[in-house]
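The structure appears right after this line, and notes come after that.
Just follow the structure's listing: the first ligand is 1, and inside any ligand the first atom is 1. Both backbone and side-chain heavy atoms feed into the values below; hydrogens, waters and symmetry mates do not.
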Amino acid sequence: MKNKRALYKLTHGMYVLSTNGGACFVDAVCQISGGDNPLVSVAVMKKNYTNEVMHKENKFALSIFGKDDNAELIKNYGLQSMRDVDKFKSSPNEIEMIEGVPVIKGTIGYLVLEKVDTIENDTHTLFIGRVIEADKLKDSEPMTYGYYQDHKDELMKVKTETGKTAWVCMVCGYVYYGEELPDDFTCPICGVGKEMFEKRV
Ligand code: FE
């Protein structure tokens with residue numbers, strides 16, 4: 001592929017996906033039907049703990065992340081696993097139970113959905129939900145995944161130690177130290193391969 005980063009120009013947003021017992025950041029969210037209770041799909045990596053939990057739960061929520069929302073939310077929900085930490089306990093924003101689902105407070109708005117279908121592909125599960133509740137909480141601008149990619153260093157305050165060769169994951173900000181990345185290296189946080197790492201010296 002000439003430049004896989006063309007995919008960042010697809011206008012995905014940034015969302016916290018939450019359900020009872022799991023939560024993570026997602027970008028591949030899409031409304032796929034209309035009407036009073038439209039269908040929305042969300043793709044979740046199979047290796048994510050939240051994917052496992054989503055298979056068991058029948059409701060989930062999507063909180064819409066904005067450009068002026070707290071970037072600590074990305075670290076809390078995007079860069080660690082519920083296998084290791086209870087993200088709801090460490091959440092910088094409060095959690096509110098809505099329709100029996102934990103929803104992150106203080107974002108632009110949220111959707112609560114009832115799961116109606118799942119489709120498996122090689123790396124992700126597509127969860128399809130019907131919107132049963134929604135609210136818009138403020139008028140600020142949603143963050144696109146492309147914006148996040150372009151501003152990741154400042155948003156995540158990615159800092160590398162001086163005097164060491166570092167490789168920074170362009171998806172999640174994980175830093176690997178070493179002269180060379182092994183060819184089969186995959187990011188321990190988000191699972192992308194070597195081609196998504198940028199060298200910093
Ligand atoms: Fe990563």
Side-chain angles (χ1 to χ4, degrees), residues 1-19 22-30 42-54 62-67 69-88 90-93 104 107 120-127 142-162 164-201:
M1 256 186 264
K2 283 181 186 145
N3 193 342
K4 209 176 164 186
R5 289 183 194 184
L7 287 162
Y8 294 158
K9 298 301 176 193
L10 298 180
T11 54
H12 293 301
M14 298 275 287
Y15 312 90
V16 183
L17 166 67
S18 55
T19 188
C24 65
F25 248 89
V26 291
D27 62 289
V29 169
C30 192
V42 50
V44 184
M45 264 203 294
K46 283 187 179 174
K47 60 168 254 177
N48 277 11
Y49 179 73
T50 306
N51 184 303
E52 266 174 63
V53 183
M54 282 286 285
L62 290 161
S63 300
I64 303 156
F65 187 77
K67 277 186 182 172
D69 283 336
N70 185 357
E72 292 298 315
L73 283 174
I74 304 178
K75 286 188 185 166
N76 187 68
Y77 290 100
L79 303 186
Q80 49 187 359
S81 171
M82 209 87 158
R83 286 190 186 95
D84 312 314
V85 231
D86 185 340
K87 297 180 186 179
F88 294 130
S90 59
S91 179
N93 288 28
I104 319 308
T107 64
E120 306 292 339
N121 68 33
D122 45 355
T123 57
H124 287 63
T125 305
L126 197 60
F127 294 97
M143 186 182 288
T144 62
Y145 189 58
Y147 179 94
Y148 167 67
Q149 284 300 329
D150 291 343
H151 297 81
K152 186 159 9 78
D153 276 15
E154 50 193 275
L155 285 166
M156 309 308 294
K157 301 182 180 73
V158 172
K159 284 197 189 90
T160 57
E161 293 176 44
T162 44
K164 280 186 179 176
T165 304
W167 295 83
V168 180
C169 175
M170 290 295 99
V171 177
C172 76
Y174 171 80
V175 180
Y176 174 92
Y177 290 100
E179 276 311 304
E180 279 306 323
L181 268 184
D183 279 339
D184 60 351
F185 190 81
T186 57
C187 177
I189 304 291
C190 73
V192 297
K194 184 183 175 175
E195 74 281 2
M196 299 307 281
F197 279 75
E198 218 169 69
K199 191 177 186 176
R200 308 276 169 86
V201 281

What donor-acceptor contacts under 3.5 angstrom involve side-chain atoms of residues 165-179, with partners at least two apart or in another chain?
unit_1: Thr165; atom_1: OG1; unit_2: Glu179; atom_2: OE2; d: 2.6
unit_1: Trp167; atom_1: NE1; unit_2: Gly178; atom_2: O; d: 3.0
unit_1: Trp167; atom_1: NE1; unit_2: Glu179; atom_2: O; d: 3.4
unit_1: Tyr177; atom_1: OH; unit_2: Glu161; atom_2: N; d: 3.0

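- Listed by first and then second residue, the salt bridge (Lys or Arg N to Asp or Glu O under 4.0 Å) pairs involving residues 10-19 amount to none (not counting sequence neighbours).
- Inspection of the environment of the Fe ion (ligand 1) yields the following protein N, O or S atoms under 2.8 Å: Cys169 SG, Cys172 SG, Cys187 SG, Cys190 SG.
- Here the side chain of Lys67 pairs no donor or acceptor atom with the backbone of Met143 at under 3.5 angstrom.
- Taking 4.0 Å as the cut-off between side-chain N and carboxylate O, Lys46 and Glu120 count as a salt-bridged pair.
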Mind listing the side-chain donor-acceptor pairs of residues 4-15 below 3.5 Å, one per line with the distance, residues two or more places apart or on another chain?
unit_1: Lys4; atom_1: NZ; unit_2: Glu195; atom_2: OE2; d: 3.4
unit_1: Arg5; atom_1: NH1; unit_2: Glu198; atom_2: OE2; d: 3.3
unit_1: His12; atom_1: ND1; unit_2: Asp27; atom_2: O; d: 3.3

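- Contact of the Thr50 side chain with the Met45 side chain is not registered, since no non-hydrogen atoms from C-beta on lie closer than 4.5 Å.
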